[in-house]
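Note sheet for the following structure.
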Amino acid sequence: MLKMLMKYEWKYIWKKLLLFAGILMFATLIGGLSTTQFDNLASPDQILGFLGAMFGFMFYYTLLIGAVIGFSLIVGIRFYKVVFGDMGYVTNTLPVSARQIYAAHLIVYGLCTFVISGLMQLSIMMVTNTMFTNMFNELNASDAADVSYLHFGPASLAEVFGLSEFGAGILMTLLLIVGTISSLLMIYAAVVLGQNWKRHKVWGAVVSYIIIYSIMMVAAWIVTIPYMIHMFMNAASMGDTAMPVFGPSFWVICLALSAVFGIATFCIMDHGMTKKLNLE
């Protein structure tokens with residue numbers, strides 16, 4: 001039955017996934033074309049071109065953020081309708097358990113969200129790399145070395161992570177997977193918490209999401225800021241003027257934070273799904 005639920009959800013989402021993936025690719029094309037104009041910034045005859053490039057980049061950024069938020073809204077609304085909304089009575093009378101219901105959503109929409117998140121990260125890397133390459137293309141070799149950290153790619157990511165290229169790739173993939181699952185669980189947990197509101201359950205879900213996200217951000221800053229201050233102070237005491245490298249321990253902390261919040265939101269969702277559902 002789990003396979004049937006997954007097939008049903010995939011039938012609903014696959015066209016939308018292709019649409020949003022296409023939007024992200026189109027946005028990347030716009031961003032790439034715009035950032036190729038980020039050269040000769042001091043030349044007077046390039047001002048109009050630079051302004052056009054800026055508007056193009058802003059349009060790219062708007063499309064990028066809009067696509068990610070839009071897809072997340074579709075996922076959240078779908079979960080609400082299927083489990084608690086007008087389709088909930090049908091879903092919850094099927095010969096399946098509550099865990100099978102949310103497992104189908106987690107698997108199907110988790111994979112879809114992973115694809116969207118991966119495309120977004122790839123788009124940011126490609127456009128940012130093009131932008132900085134064109135901004136500093138007139139620097140000589142010695143100056144270019146000073147801004148090499150601005151060129152995004154496997155080598156620069158490995159430098160930022162403080163690992164080999166292979167190790168940075170593995171850690172980046174783990175961060176993307178765990179972050180994708182945690183973000184999806186955050187949406188589902190907010191929808192579940194919203195059902196505790198006697199009225200305006202949709203607004204309850206929105207408010208719950210804001211509260212969960214705020215708690216996560218505060219906890220992340222509480223944990224990471226002391227680490228970052230300590231790292232910069234060590235670099236200053238050693239007389240190192242280069243940008244400090246965020247070592248593996250920093251990224252492991254970020255990974256652990258995502259995992260903790262993923263577990264917490266999973267428990268909230270599981271509790272709300274396995275107790276008596278408050279259907280509309």
Side-chain angles (χ1 to χ4, degrees), residues 24 64-65 67-69 71-72 75-76 79 102-103 105-126 128-129 149-193 208-235 242-271:
L24 287 173
L64 191 75
I65 299 301
V68 174
I69 294 176
F71 191 80
S72 298
V75 171
F79 181 75
Y102 71 63
H105 283 262
L106 281 175
I107 294 171
V108 174
Y109 295 106
L111 290 173
C112 293
T113 306
F114 178 79
V115 170
I116 295 297
S117 299
L119 288 175
M120 182 190 70
Q121 296 295 331
L122 183 61
S123 174
I124 292 173
M125 288 176 58
M126 293 174 62
T128 305
N129 185 61
Y149 60 85
L150 295 175
H151 297 271
F152 285 78
S156 60
L157 282 176
E159 183 178 350
V160 170
F161 279 96
L163 297 167
S164 64
E165 290 188 22
F166 177 77
I170 294 295
L171 188 54
M172 186 72 177
T173 302
L174 285 175
L175 283 167
L176 188 59
I177 292 173
V178 175
T180 296
I181 296 173
S182 295
S183 64
L184 194 60
L185 287 169
M186 192 185 304
I187 294 173
Y188 291 168
V191 172
V192 169
L193 289 174
S208 298
Y209 182 85
I210 294 174
I211 292 174
I212 293 173
Y213 184 80
S214 300
I215 293 173
M216 182 186 72
M217 292 303 297
V218 170
W221 282 114
I222 289 175
V223 173
T224 58
I225 283 181
Y227 179 90
M228 295 174 67
I229 292 175
H230 177 72
M231 181 182 62
F232 278 97
M233 289 181 64
N234 283 345
M243 177 177 285
V245 174
F246 293 97
S249 58
F250 175 81
W251 302 106
V252 170
I253 290 173
C254 295
L255 184 63
L257 283 171
S258 295
V260 168
F261 272 93
I263 294 171
T265 49
F266 173 80
C267 292
I268 293 172
M269 180 198 65
D270 182 73
H271 176 72

**Report entry** Ser123 vs Leu24 side-chain heavy atoms within contact, under 4.5 Å
**Finding:** no

Query raised in the report: Can you name the nearest heavy-atom pair linking Phe261 to Met216, along with the distance?
Result: CZ-CA, 3.1 Å

Query raised in the report: What residues form a side-chain contact (heavy atoms from CB on, under 4.5 Å) with Ile268, not counting sequence neighbours?
Result: Ala189, Leu193

Query - CD1 on Ile212 to OG on Ser182, rounded to 0.5 Å - result: 12.0 Å

Report task. Show your working on side-chain contact (heavy atoms from CB on, under 4.5 Å) between Thr113 and Phe71 and close with a plain yes or no. Result -> CA-CA 8 Å; Thr113 306; Phe71 191 80; 3.9 Å; yes

Report task. For Thr173, enumerate each residue passing the side-chain contact (heavy atoms from CB on, under 4.5 Å) test, keeping only those at least two apart in sequence or located in another chain. Result -> Ile177

Requested in this report: Compare all side-chain heavy atoms of Ile116 with those of Met120 and state whether any distance is below 4.5 angstrom.
Outcome: no

Query - Under 3.5 Å donor-acceptor, Thr265 side chain and Gly262 backbone - result: yes

Query raised in the report: Is the shortest heavy-atom distance from the side chain of Tyr213 to the side chain of Met186 under 4.5 Å?
Result: yes

Query raised in the report: Does Ser183 have any side-chain hydrogen bond (donor to acceptor under 3.5 Å, both in side chains) partners at least two apart in sequence or in another chain, and if so, which?
Result: none

Query - Set of side-chain contact (heavy atoms from CB on, under 4.5 Å) partners for Leu106, sequence neighbours left out - result: Tyr102, Leu184, Leu185, Tyr188, Met269

Query raised in the report: Mind checking what makes ring pair (Phe, Tyr, Trp, His ring centres under 6.0 Å) contact with Phe114, not counting sequence neighbours?
Result: none

Report task. Flag the pair Thr224 / Leu257 as yes when at least one side-chain heavy-atom distance between them is below 4.5 Å, and no otherwise. Result -> yes

**Report entry** Heavy-atom pair with the smallest gap, counting every atom of Gly76 and Val191
**Finding:** O-CG2, 4.2 Å

Query raised in the report: Which value, rounded to the nearest 0.5 Å, describes the distance between Ile124 atom CD1 and Met126 atom CE?
Result: 12.0 Å

Requested in this report: Locate the shortest heavy-atom distance separating Val178 from Ala259; write the atom from each residue and the value.
Outcome: CG1-N, 3.7 Å

Report task. Identify, with sequence neighbours excluded, every residue that meets side-chain contact (heavy atoms from CB on, under 4.5 Å) alongside Ile222. Result -> Val218

Query raised in the report: Roughly how far, to the nearest 0.5 Å, is the CG atom of Leu176 from the OG atom of Ser258?
Result: 10.5 Å

**Report entry** Verdict with supporting geometry, Phe266 and Ile181, side-chain contact (heavy atoms from CB on, under 4.5 Å)
**Finding:** CA-CA 10 Å; Phe266 173 80; Ile181 296 173; over 6 Å; no

